[in-house]
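Worksheet: one structure, shown below.
Both backbone and side-chain heavy atoms feed into the values below; hydrogens, waters and symmetry mates do not.
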Amino acid sequence: MRRILPVPGPAASPGTSAPVAAPPTTEAAGAGAGADDPGAVGGDEAAAKAAEIDLDEAYAYPPAAGRTSYVRANFVSSVDGAAEVGGRSGPLGGEADRRVFQLLRWLSDVVLVGAGTARHENYGPVIVPPERRARRQAAGLAAVPPIAVVTATAGLDPGARLFDAEVRPIVLTCDGAPPAKRQALAAVAEVVLCGDRTVDPAAALAALAERGMTRVLTEGGPLLHAQLAGAGLLDELCLTVAPLLAGPGRMGIVEGPPWPEPATMRLVQVLVEDGNLFLRYQR
């Protein structure tokens with residue numbers, strides 16, 4: 001995986017990650033590729049390897065994320081904006097996307113997901129290999145991040161594979177959820193009330209922060225993503241753009257009621273591998 005666009009230099013706004021030097025041949029995407037470009041056909045193999053980047057460094061959380069909630073979203077989409085094929089995101093992602101997907105989980109305190117996505121994608125617990133567990137613990141993180149599920153109805157099956165976990169999941173629900181369903185989930189998860197009739201996103205993040213979970217990775221779905229971004233709670237978007245057209249009628253990375261105005265983000269990093277673009281935006 002090579003970097004096309006470096007992360008911002010010293011002029012970046014406070015709270016962003018430390019600058020990382022780009023390869024000497026870094027240029028705008030699609031421009032100026034030639035014999036001196038390590039990624040060009042016929043380029044020197046050693047130079048091409050030198051252009052490979054450290055993904056842990058590229059996706060490091062800003063230092064402030066250890067003290068206050070920092071919400072990072074991770075999505076994959078086709079070039080025509082589809083976030084699913086056949087109702088699932090899996091067909092859009094390749095091997096490189098799976099590496100980034102795993103890494104972002106390993107860097108987080110908690111993985112936040114909507115109940116619909118947890119059901120449709122048949123979510124299970126986060127798998128962290130021994131070497132990454134040791135690395136996480138050395139950095140002051142728990143060995144394994146829990147899954148936190150947002151559900152206003154507590155509409156989850158307590159027997160789902162999500163709850164067969166080393167670390168108990170967290171169910172973020174509300175007072176309006178049926179008490180019997182909340183009680184059933186309490187046997188397999190920590191149930192936290194974060195609102196009256198609906199789950200308040202700010203209250204959900206506050207509940208996670210109270211538990212020391214400030215590095216929040218949300219994997220959607222599109223409705224939860226839109227709620228977080230629309231409320232000004234989304235700090236970063238990591239978007240993989242797959243080199244394919246999914247066609248009309250697909251769901252995008254945000255769904256739900258219209259916003260009063262767009263939410264502006266700035267592009268801070270572009271990585272590329274096998275035709276996939278790995279874009280990183282910050283607020």
Before you tell me yes or no, could you show the steps for Glu131 and Arg135 under salt bridge (charged side-chain N to carboxylate O under 4.0 Å, His left out), namely the whole-Å CA-CA distance, both residues' side-chain angles and the distance that decides it to 0.1 Å?
CA-CA 6 Å; Glu131 64 275 14; Arg135 191 165 177 171; over 6 Å; no

With no hydrogens and no angle check, is any side-chain donor or acceptor of Glu219 less than 3.5 Å from a backbone partner on Val113?
no

Let me see the working for Glu236 and Arg280 under side-chain contact (heavy atoms from CB on, under 4.5 Å), right down to the final yes or no.
CA-CA 7 Å; Glu236 181 175 314; Arg280 187 177 178 192; 2.8 Å; yes

Do Val85 and Val241 sit in the same hydrophobic cluster, where Ile, Leu, Val, Met, Phe, Trp and Tyr count as joined when their side-chain heavy atoms come under 4.5 Å apart?
no

Would you say the side chain of Val270 lies within less than 4.5 Å of the side chain of Phe278, judging by non-hydrogen atoms?
no

Is it true that Leu112 and Leu141 fall in one hydrophobic cluster, defined by side-chain heavy atoms closer than 4.5 Å?
no

Flag side-chain contact, heavy atom, 4.5 Å: Asp175 against Asp196:
yes

Are there more than 12 heavy atoms of other residues, nucleotides or ligands under 6.0 Å from atom CD of Gln137?
yes

Whether Asp109 and Arg136 form a salt bridge (side-chain N of Lys/Arg under 4.0 Å from carboxylate O of Asp/Glu) is what I want to check.
no

Please check if Val76 and Leu228 belong to a single hydrophobic cluster, counting links between Ile, Leu, Val, Met, Phe, Trp and Tyr side chain heavy atoms closer than 4.5 Å.
no

Any side-chain heavy atom of Glu95 within less than 4.5 Å of one from Asp274?
no

Is any side-chain heavy atom of Thr198 closer than 4.5 Å to a side-chain heavy atom of Cys174?
no

Residue pairs passing the ring pair (Phe, Tyr, Trp, His ring centres under 6.0 Å) test with at least one member in residues 87-107, sequence neighbours excluded, are none

Between Met265 and Leu267, is there shared hydrophobic-cluster membership here, with clusters defined by ILVMFWY side-chain heavy atoms closer than 4.5 Å?
yes

Glu261, CD: over 12 other non-hydrogen atoms inside 6.0 angstrom:
no

Please report the C-alpha distance between Arg98 and Glu273 in whole Å, then the side-chain angles of each, then the deciding distance to 0.1 Å, and finally whether the salt bridge (charged side-chain N to carboxylate O under 4.0 Å, His left out) criterion is met.
CA-CA 12 Å; Arg98 285 189 287 274; Glu273 181 166 306; over 6 Å; no

Hey, does Thr151 have a side-chain heavy atom less than 4.5 Å from the side chain of Val199?
no

Arg72 and Leu107: side-chain contact (heavy atoms from CB on, under 4.5 Å), yes or no, with the steps?
CA-CA 11 Å; Arg72 164 185 280 172; Leu107 295 176; 4.3 Å; yes

Criterion side chain to side chain donor-acceptor pair (under 3.5 Å) on Asn276 and Thr240, from CA distance to verdict
CA-CA 7 Å; Asn276 294 274; Thr240 300; over 6 Å; no

Rounded distance (nearest 0.5 Å) linking atom CG of Leu217 with atom CG of Leu104:
6.0 Å

Taking Glu166 first and then Arg133, would you say they form a salt bridge - that is, a charged N and a carboxylate O separated by under 4.0 Å?
yes

In sequence, state the C-alpha distance, the side-chain angles, and the governing distance for Ile147 and Leu162, and then conclude on side-chain contact (heavy atoms from CB on, under 4.5 Å).
CA-CA 8 Å; Ile147 300 284; Leu162 171 67; 3.6 Å; yes

Side-chain heavy atoms under 4.5 angstrom apart, residues restricted to Ile, Leu, Val, Met, Phe, Trp, Tyr: same cluster for Leu239 and Val272?
yes

Could you list all the ring pair (Phe, Tyr, Trp, His ring centres under 6.0 Å) pairs where at least one residue sits in residues 218-271, not counting sequence neighbours?
Phe75-His225

Closest heavy-atom pair, Leu224 versus Gly114, reported as atoms and distance to 0.1 Å, is CD2-N, 3.5 Å

Report the C-alpha separation of Val192 and Thr173 in whole Å, then their side-chain angles, then the decisive distance to 0.1 Å, and conclude whether the side-chain contact (heavy atoms from CB on, under 4.5 Å) test is met.
CA-CA 6 Å; Val192 185; Thr173 188; over 6 Å; no

Working to the nearest 0.5 angstrom, can you tell me the gap between Cys238 SG and Gln269 CD?
8.0 Å

What distance do Met213 atom CE and Ser108 atom OG have between them, rounded to the nearest 0.5 Å?
10.0 Å

Can you tell me if CG on Asp157 sees more than 12 non-hydrogen neighbours from other groups inside 6.0 Å?
yes

